[in-house]
Amino acid sequence: MIWWILGGLVLVVAASAIALQVAIARDGPAVLSAVDRMSSSGDAELKATISTGEHPQQKLLVWGPGRETSSDERRPVLVFVHGGSWRSGDPASYDFIGRAFVPKGFVVVLAGYRLGDAGKYPAMLEDTAAAIGWAHREIAQYGGDPEQIVLAGHSAGAYNVVMAALDERWLAREGLSPSDISGVVGLAGPYDFFPFDSESTIAAFGDAPEPVSTQPIAHVRADAPPMLLIHGEKDTLVKPRNTRALAQLIEEAGGAVRVRTYAEMEHNDPLISLAAPWRSNRDVADLIAAFAHEVTKSDTKSDTVSVPVQAETR
């Protein structure tokens, strides 16, 4: 009898795991946030939702500590930009990013941007720069330090933040330059994808008058902000050669870049690793936090631990 019961439990657990994976595949960020909300216990809360333009997708959400902080306490700022092939996604679905990094000592800004036809190149970059500009001007009122801003993004969002840090045109619209950015984290980002050969890249970039200039690899320079590029070796949607190509060019230019690859990870795994309960047994969140504290030279008296970063391998 006991074996029947145990067998049934195994089947239930397996079915639940499969159902969770299917749900994540269909609406990953919202599911991750729901799971994270039930699993997290850190001190983090939504402080504000801000409009950065007339389009409803031009918005950002600010996350900070729930406890009272002194008026002169300033935390480094993590501006996170979501993925979704430049056609889907909502920063409101990524509250697990706030719960992951506020307890590690940051103020978190979840930045949205126009999608689909409204967000064709260069609109997505204009909106990302606008969110960064807002953070630089306004984040102090939420306890953030405008002089210590780190950008991060997953997939399409990684493209947005890396381009904002490399191509000076976009931040110049906000009266800023890449030197105003302390560092950049790219998770599974596309940085070298011309000629456009997928539905999403053709839709987002096919009308660009100078398509080569849409590529991050075309704007590499030695004085770019330090970068941490993270990629799964089993990523078939955005192949890890994107990260290797960008890192190699940055190294050759004399810039600062670190690469962390994961042999068993697929495209969404680095993002999933930032949600509870996964982040407690993976090092991705700690890796990002350690890098961000290092490049901002901020106090690390949070729950951040030091994690080594492997050298670039080709």
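Everything numeric in this text was worked out from a predicted model, so none of it was measured.
The distance from atom OG of S182 to atom CG of L78, rounded to the nearest 0.5 Å, is 11.0 Å. To the nearest 0.5 Å, the span separating CZ on R244 from CG on L249 amounts to 14.0 Å. Atoms CG and CD, from D145 and E73 in turn, are 11.5 Å apart once rounded to the nearest 0.5 Å. Annotation: the span from I272 atom CD1 to D36 atom CG amounts to 12.5 Å, rounded to 0.5 Å. One distance of note links CG of D192 with CD1 of I217; it measures 3.5 Å at 0.5 Å rounding. Interatomic distance, CG of L125 versus CD1 of I132, reported as 9.5 Å (0.5 Å rounding).
Within a 6.0 Å radius of CD in Q141, other residues, nucleotides and ligands contribute more than 12 heavy atoms. More than 12 heavy atoms of other residues, nucleotides or ligands sit less than 6.0 Å from atom CD of E45.
Contact of the V257 side chain with the Q248 side chain is not registered, since no non-hydrogen atoms from C-beta on lie closer than 4.5 Å. With contacts defined as side-chain heavy-atom distances shorter than 4.5 Å, the pair P91/L60 does not qualify. Considering only heavy atoms from C-beta on, D90 comes within 4.5 Å of S93 through its side chain. Using a 4.5 Å cut-off on side-chain heavy atoms (C-beta onward), W170 and E126 make contact. Contact of the I97 side chain with the W63 side chain is not registered, since no non-hydrogen atoms from C-beta on lie closer than 4.5 Å. Here the side chains of H231 and R260 are not in contact, with every heavy-atom distance at 4.5 Å or above. At a threshold of 4.5 Å between non-hydrogen side-chain atoms, the residues M265 and V284 count as touching.
In the hydrophobic clustering of ILVMFWY residues, with side-chain heavy atoms under 4.5 Å counting as a link, L187 and F291 come out together.
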>> Could you go through D95 and L46, starting from their C-alpha distance and side-chain angles, then the distance that decides it, and tell me whether this counts as side-chain contact (heavy atoms from CB on, under 4.5 Å)?
In response: CA-CA 8 Å; D95 55 9; L46 178 64; over 6 Å; no
> Does the side-chain contact (heavy atoms from CB on, under 4.5 Å) test come out yes or no for Y191 and L229, once each step is laid out?
Replying inline: CA-CA 11 Å; Y191 314 119; L229 305 178; 3.9 Å; yes
> Is there a side-chain contact (heavy atoms from CB on, under 4.5 Å) between F96 and S39 once you walk through the steps?
Replying inline: CA-CA 10 Å; F96 63 94; S39 306; over 6 Å; no
>> If you apply the rule side-chain contact (heavy atoms from CB on, under 4.5 Å), what do you find for W278 with D269, and how did you get there?
In response: CA-CA 10 Å; W278 294 274; D269 286 325; over 6 Å; no
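With hydrogens and angles ignored, the 3.5 Å screen pairs no side-chain donor or acceptor of H55 with any backbone N or O of G119. Checking side-chain atoms of R74 against main-chain N and O of Q148 turns up no donor-acceptor pair under 3.5 Å. Side chain of S155 to backbone of G157: no donor-acceptor contact under 3.5 angstrom is found. In this structure a side-chain-to-backbone donor-acceptor pair under 3.5 Å is missing from T128 to V161. In terms of modelled atom types and a separation under 3.5 Å, the side chain of R221 and the main chain of L166 share a donor-acceptor contact. Counting only distance, with no hydrogens or angles, the side chain of K47 and the backbone of P65 share a donor-acceptor pair below 3.5 Å. Without hydrogens or angle criteria, R279 side chain to L274 main chain gives a donor-acceptor distance under 3.5 Å. Within the 3.5 Å criterion, the main-chain N or O of S33 finds a donor-acceptor partner in the side chain of R99. Listed for the T49 side chain is no donor-acceptor partner under 3.5 Å among the backbone atoms of L61. Although no hydrogens or angles enter the test, the distance criterion places a donor-acceptor pair under 3.5 Å between the side chain of T201 and the main chain of S198.
For the residue pair D283 and Y262, a side-chain donor N or O sits within less than 3.5 Å of a side-chain acceptor on the partner. Side-chain contact, N160 with W86: a donor N or O sits under 3.5 Å from an acceptor N or O.
Between F101 and F80, a ring centre-to-centre spacing not shorter than 6.0 Å is recorded. In this structure, F194 has its ring center at least 6.0 angstrom away from the ring center of F205.
Remark: R87 engages no residue in a side chain to side chain donor-acceptor pair (under 3.5 Å) (not counting sequence neighbours). Under the ring pair (Phe, Tyr, Trp, His ring centres under 6.0 Å) criterion, H267 pairs with H154, not counting sequence neighbours.
Relative orientation of the Y159 and F193 rings is perpendicular, given thresholds of 30° and 60° on the angle between their planes.
Tested against L115, the residues H82, M124, K120 include a single side-chain contact (heavy atoms from CB on, under 4.5 Å) partner, H82.
The nearest pair of heavy atoms linking A123 to A118 is CB-O, 3.4 Å.
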